[in-house]
Amino acid sequence: MVCSRPTYVGYVRFWIMPELPEVETIARGLAKRVTGDLIESVWLGQKKEPLKSPAAQIAKALEGSRISSVRRVGKHIVFDLDPAPAAQKLSRPRSKSRRRTTSQDLAHAGHGLQAASHVQWIVHLGMTGSLRVCEPQTEIAKHTHAILKLASGRELRFVDPRRFGRLSVATAFDGTGLEPLEVDLARFVALFRGRKTPIKSALLNQKLLRGVGNIYADEALFRAGIRPRRRASSITRDHLAKLYAGLQRVLNEAIELGGSSISDYVDADGEEGFFQLRHRVYGREGEPCRVCKTPIKRVVIAGRSSHYCPECQK
DNA sequence: ACTATTTCCTGGATGC
DNA sequence: TGCATCCAGGAAATAG
C-alpha cells in the first residue's frame with residue numbers, strides 16, 4: 001500500500017504518510033514506469049479541492065504530452081512534460097463513460113501555458129494521496145480524482161480520500177525553501193537565526209526547508225538531542241550541526257528503505273508493501289526510549305503531536 | 001516580517 | 001448495535 005490505508009508492522013498500526021523519503025521513493029517508482037509514456041487523455045473528477053489549477057488548464061497541459069521525467073521537489077512530485085505537437089491533440093478517441101473534463105471541452109476557456117516549452121504536472125499527495133499505475137480494467141477506487149490514459153495502455157490514477165492532495169500545472173516549478181539533503185551546514189544554521197518559533201515548527205515550515213513533515217521532524221530532533229519546543233534561535237550552532245546531521249541521516253535511511261520496496265508499490269492497486277523506518281519517538285508515547293528506557297512524551301505544538309524523550313532531549 | 005491559530009477532509013477508533 | 005465524537009496530517013487562510 002502507499003498511503004491510502006493503514007499497514008501493520010508488528011502490533012503497531014501506521015499510516016504511511018508521504019514526507020520527503022516517501023515522495024522520493026514514489027517519484028523514483030513512477031519514473032521507472034511512466035517516463036517516455038504519452039498521455040493520451042485525461043479525466044478529472046468533480047471534487048474541487050484536489051485541483052489547484054483550473055481543470056481546463058490541467059487537462060490542456062497534460063493531454064497529448066509526453067512524460068520526459070518524474071522527480072521530487074520537497075513533498076511535490078514533478079512530471080516534466082514535452083508538449084504535444086499541435087495537430088496531435090485533436091484526434092484522440094476516448095472513453096465516454098469516464099470523461100468529464102478534457103481540453104477539448106474547454107478549449108476556449110482562455111487559460112495559458114500552451115506556449116511554454118516546459119510544462120509540468122505537479123502533484124502533492126497531502127496525507128492520503130496516492131498515484132497508481134494500473135491496467136484500465138482495474139476497478140476504479142473510491143476517491144479517484146484523476147485518470148491519465150497512457151499510450152502504453154496503462155492508466156495513471158490519482159486517489160486521495162481526504163483530499164488534502166493537490167494537482168496543478170506549472171512552467172518552472174521551484175517549490176519553496178531549501179532541500180534538506182542539498183543545503184550546506186552554514187545555510188542550514190542561518191535558517192533558524194532570530195526565529196522565536198519552536199524548532200519543531202521551524203522544521204515543518206516549508207518556506208525554510210522543504211519536505212520535512214511531522215514524523216521526520218520528531219525523529220531528527222531525537223537524534224540531535226533537542227526538545228521540540230526549544231525556540232529555534234536559542235539553539236547553539238553545535239546543536240544545529242547535530243540537527244543537520246541527524247535530519248540528513250534519518251531522511252537518507254528512510255530513502256534507502258524505500259528503495260527496497262520501490263519495485264512493487266505503485267503498481268496495480270497501489271497496496272503493496274512499503275518498508276517503514278523503525279521510529280524512535282514518533283507514535284511511541286509512553287513507550288520506553290530505545291536509548292535510555294525513559295517513557296516517550298507527547299505534546300502538541302502548533303496543533304501537531306510531537307514526541308520526544310525527556311531524558312535524551314534537552 | 002513573523003508567529004500563532006483555524007480550516008479543510010475522511011475514516012478508523014473510541015465512548016456511551 | 002448504533003450513533004456521536006474525536007483524531008490524524010500539510011498547507012493555505014486568517015488573525016494578531
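A, B, ... follow the sequence lines: proteins, then strands. Residue 1 opens every chain.
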So do R231(A) and T197(A) actually touch side chain to side chain, heavy atoms under 4.5 Å?
no

According to a strict under-4.0 Å criterion, is Y282(A) in side-chain N/O contact with OP1 or OP2 of dG9(C)?
yes

Side chains of R71(A) and S69(A): is there a donor and an acceptor less than 3.5 Å apart?
no

Salt bridge (charged side-chain N to carboxylate O under 4.0 Å, His left out) between R163(A) and D160(A), intermediate numbers included
CA-CA 5 Å; R163(A) 310 209 291 270; D160(A) 184 11; over 6 Å; no

Reckon S201(A) touches a base, only the sugar-phosphate, or nothing at all at heavy-atom distances under 4.0 Å?
nothing

Verify the contact: side-chain N or O of T128(A) to OP1 or OP2 of dG9(C), cut-off strictly under 4.0 Å; return yes or no.
no

Could R280(A) and E219(A) be called an ion pair, given the rule that one side-chain N must be under 4.0 Å from one carboxylate O?
no

Under a plain distance cut-off of 3.5 Å, with no hydrogens placed, do K149(A) and S41(A) share a side-chain donor-acceptor pair?
no

Below the 4.0 Å mark, does dC2(B) have OP1 or OP2 next to a side-chain nitrogen or oxygen of T197(A)?
no

What is the nucleic acid contact for R298(A), judged by heavy atoms within less than 4.0 Å: base, sugar-phosphate only, or nothing?
sugar-phosphate

In terms of side-chain heavy atoms of P198(A), which of dG9(C), dA4(B), dC2(B) is nearest?
dA4(B)

Any chance you could list the contact pattern along nucleotides 10-16 of chain C? Use B for base contacts, S for sugar-phosphate-only contacts and - for none, protein heavy atoms under 4.0 Å, 5' to 3'.
BBS----

Give a yes/no answer on whether the side chain of H143(A) brings an N or O atom under 4.0 Å of OP1 or OP2 in dC9(B).
no

